[in-house]
There are 2 protein chains.
Amino acid sequence: MVSRVESAAATRHALVDAAAELLDEGGPDAVTLRAVGARAGVSRGAPYGHFPDKEHLLSAVAAKSWAEVGGELDALITEEHLSPTDRLERALAGLMRVGRRRPHTYALMFGAPSGELSDAIAAVSRTHDQFLSIVTEAIGDPGRARPVGAMLLTSVHGIIGMENGGHLDIEKWHVTGDQLLEMIIKSAATHGVRCSHSSNRRKF
Amino acid sequence: MVSRVESAAATRHALVDAAAELLDEGGPDAVTLRAVGARAGVSRGAPYGHFPDKEHLLSAVAAKSWAEVGGELDALITEEHLSPTDRLERALAGLMRVGRRRPHTYALMFGAPSGELSDAIAAVSRTHDQFLSIVTEAIGDPGRARPVGAMLLTSVHGIIGMENGGHLDIEKWHVTGDQLLEMIIKSAATHGVRCSHSSNRRKF
DNA sequence: ATGGCTCAGTTGACAATGTCATGTGAACTG
DNA sequence: CAGTTCACATGACATTGTCAACTGAGCCAT
């Protein structure tokens with residue numbers, strides 16, 4: 001039934017899933033090799049048969065999470081009844097949702113990659129490309145798609161980072177993260193199409 | 001010469017400084033209570049006389065770093081020969097510099113605060129206020145200073161986070177962090193003054 | 001000045017964790 | 001069916017955060 005190699009692959013999957021769950025539920029400190037092994041139904045040293053390092057296991061988790069986001073973007077792209085603009089807005093909202101609902105996983109995804117972790121890098125690159133294609137379809141000037149996409153992504157990332165860090169106090173800034181996202185999207189419109197009047201030079 | 005309380009205060013300072021240095025030099029993993037104690041000239045358990053927890057020590061480091069940034073902003077504010085706009089741009093550039101030159105410290109500063117850490121919260125609030133005053137002076141519409149300030153801060157934060165996470169590949173996005181910052185600043189101008197035509201509804 | 005007190009700092013100990021060397025049993029091969 | 005291989009288990013070890021017990025020097029009252 002289960003050949004040895006199949007079982008090994010299943011174990012590897014179980015380990016990554018277990019680590020991802022533990023990260024979501026209890027944050028980085030809860031991701032212990034022992035806890036991962038226990039949840040995966042194996043024992044504490046088992047991960048070393050599949051990953052050289054705890055860091056590599058975590059990078060596999062990051063790759064998996066990036067692939068999941070990529071899947072959501074894919075679903076968005078193939079959703080025919082959506083306008084390109086809607087697709088873009090939903091993509092950004094989806095990222096915000098991940099950042100809010102699974103902050104630890106989000107932090108891992110956007111954290112500095114450790115080691116080589118080719119899997120994670122490839123997954124990130126793929127998902128970035130999908131996001132880029134969404135931006136390209138939504139934007140008027142295709143030549144500006146990449147910079148504008150980067151601006152949108154970095155801005156959303158900043159909003160989530162400030163929110164999750166507790167640095168976006170509404171009392172102080174008089175805005176919510178969602179309002180900031182809206183501002184950013186409007187800015188993208190200004191930058192994306194040529195804002196014919198964008199050359200108006202004034203003080204802020 | 002050195003009264004007991006003076007010596008204690010000096011030790012506390014030395015501990016915070018040592019932790020800050022270790023964080024800068026070797027990242028979070030290098031900040032070991034034993035290493036901190038050694039660098040501060042005391043021994044491994046000494047921090048527990050001044051902080052209930054390693055986390056509280058780190059939050060003291062965060063408070064110190066926020067206060068340093070606040071000091072830079074203060075210097076900027078009292079610099080008479082600068083225009084309000086220049087002050088704002090320099091403030092943003094200064095934050096970028098911290099994020100680039102001291103990524104670990106920056107991450108600690110903007111990381112989710114742990115526990116109560118009233119010191120850190122106060123330091124953050126003070127520095128945010130100073131930044132806010134700079135934005136207020138630079139902006140045309142004072143009523144929008146807070147939201148626009150938040151947008152600038154979050155955007156810079158996002159840029160730094162993407163850069164330090166290795167997710168701002170120039171090959172892919174065709175922009176640098178500095179160019180993104182420039183785009184954001186222009187957007188702030190659009191949002192800060194009333195962009196009379198900002199109601200132009202177009203696709204991106 | 002002197003005996004007792006206070007408290008900063010040290011040291012020993014312990015549990016948790018990442019990591020590795022060694023062992024083991026079941027799946028594969030001839 | 002005998003031997004090999006490989007996934008996994010287990011014991012062991014160094015490191016680290018944390019705390020209890022200890023020590024000694026500054027401080028106070030007499």
Side-chain angles (χ1 to χ4, degrees), chain A residues 1-23 25-62 104 108 111-117, chain B residues 1-23 25-62 104 108 111-117:
Chain A
M1 201 64 212
V2 278
S3 77
R4 197 157 56 176
V5 49
E6 280 168 353
S7 159
T11 300
R12 194 195 139 102
H13 249 105
L15 286 170
V16 176
D17 288 350
E21 290 172 21
L22 288 168
L23 180 64
E25 296 167 10
D29 291 348
V31 184
T32 296
L33 286 189
R34 284 159 171 83
V36 171
R39 180 167 298 211
V42 291
S43 135
R44 62 183 206 271
Y48 287 91
H50 303 268
F51 307 93
D53 208 336
K54 186 189 183 184
E55 250 174 348
H56 284 72
L57 168 59
L58 288 176
S59 105
V61 173
H104 304 299
L108 174 68
S114 37
E116 8 68 64
L117 37 278
Chain B
M1 201 66 213
V2 278
S3 77
R4 198 156 57 177
V5 49
E6 279 170 354
S7 158
T11 300
R12 194 194 140 104
H13 249 105
L15 286 169
V16 175
D17 287 351
E21 290 173 21
L22 287 168
L23 179 64
E25 295 167 12
D29 291 348
V31 184
T32 296
L33 286 189
R34 283 158 171 84
V36 171
R39 180 167 298 212
V42 291
S43 137
R44 61 182 205 272
Y48 287 91
H50 302 268
F51 307 94
D53 209 335
K54 186 189 182 184
E55 251 173 347
H56 284 73
L57 169 60
L58 288 177
S59 104
V61 173
H104 304 299
L108 174 67
S114 35
E116 9 67 63
L117 37 278

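None of these values were measured; they are calculated from a predicted model. Note on naming: letters A, B, ... go to the chains in the order of the sequence lines (proteins, then strands), and numbering restarts at 1 for each one.
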Send over the distance from [X] [atom1] to [N] [atom2], rounded to a whole Å.
| X | N | atom1 | atom2 | value |
| --- | --- | --- | --- | --- |
| B:L33 | C:dG12 | CG | C1' | 17 Å |
| A:H50 | C:dT19 | NE2 | P | 16 Å |
| B:R12 | C:dG9 | CZ | P | 12 Å |
| B:F51 | C:dA8 | CZ | C1' | 14 Å |
| A:R34 | D:dC13 | CZ | P | 14 Å |
| A:H56 | C:dT19 | NE2 | C1' | 15 Å |
| B:L22 | D:dG17 | CG | P | 11 Å |
| B:D29 | C:dT19 | CG | P | 11 Å |

Inset, instruction - Could you tell me whether B:V36 contacts a base, only the sugar-phosphate backbone, or nothing, with contacts defined as non-hydrogen atoms closer than 4.0 Å? - result: nothing
Inset, instruction - Give A:G45 one of three labels, base, sugar-phosphate or nothing, depending on what nucleic acid heavy atoms sit under 4.0 Å from its own. - result: base
If I compare all heavy atoms of [X] with all of [Y], which pair ends up nearest, and what's the gap?
| X | Y | value |
| --- | --- | --- |
| A:A30 | A:L22 | CB-O, 3.9 Å |
| A:A19 | A:V31 | O-CG2, 4.0 Å |
| B:A18 | B:A40 | CB-N, 4.0 Å |
| B:H50 | B:L15 | CD2-CD1, 3.8 Å |
| A:P28 | A:H104 | CD-ND1, 3.7 Å |

Determine: side-chain N/O of [X] to OP1/OP2 of [N], distance under 4.0 Å, yes or no.
| X | N | answer |
| --- | --- | --- |
| B:S43 | C:dG9 | no |
| B:T11 | C:dA8 | no |
| B:Y48 | D:dC19 | no |

Inset, instruction - Return the nearest nucleotide to the side chain of A:K54; candidates are C:dG18, D:dA9, D:dG17. - result: C:dG18
Inset, instruction - Between A:R44 and A:G49, name the one whose nearest nucleotide on DNA chain D is closer to the 5' end. - result: A:G49
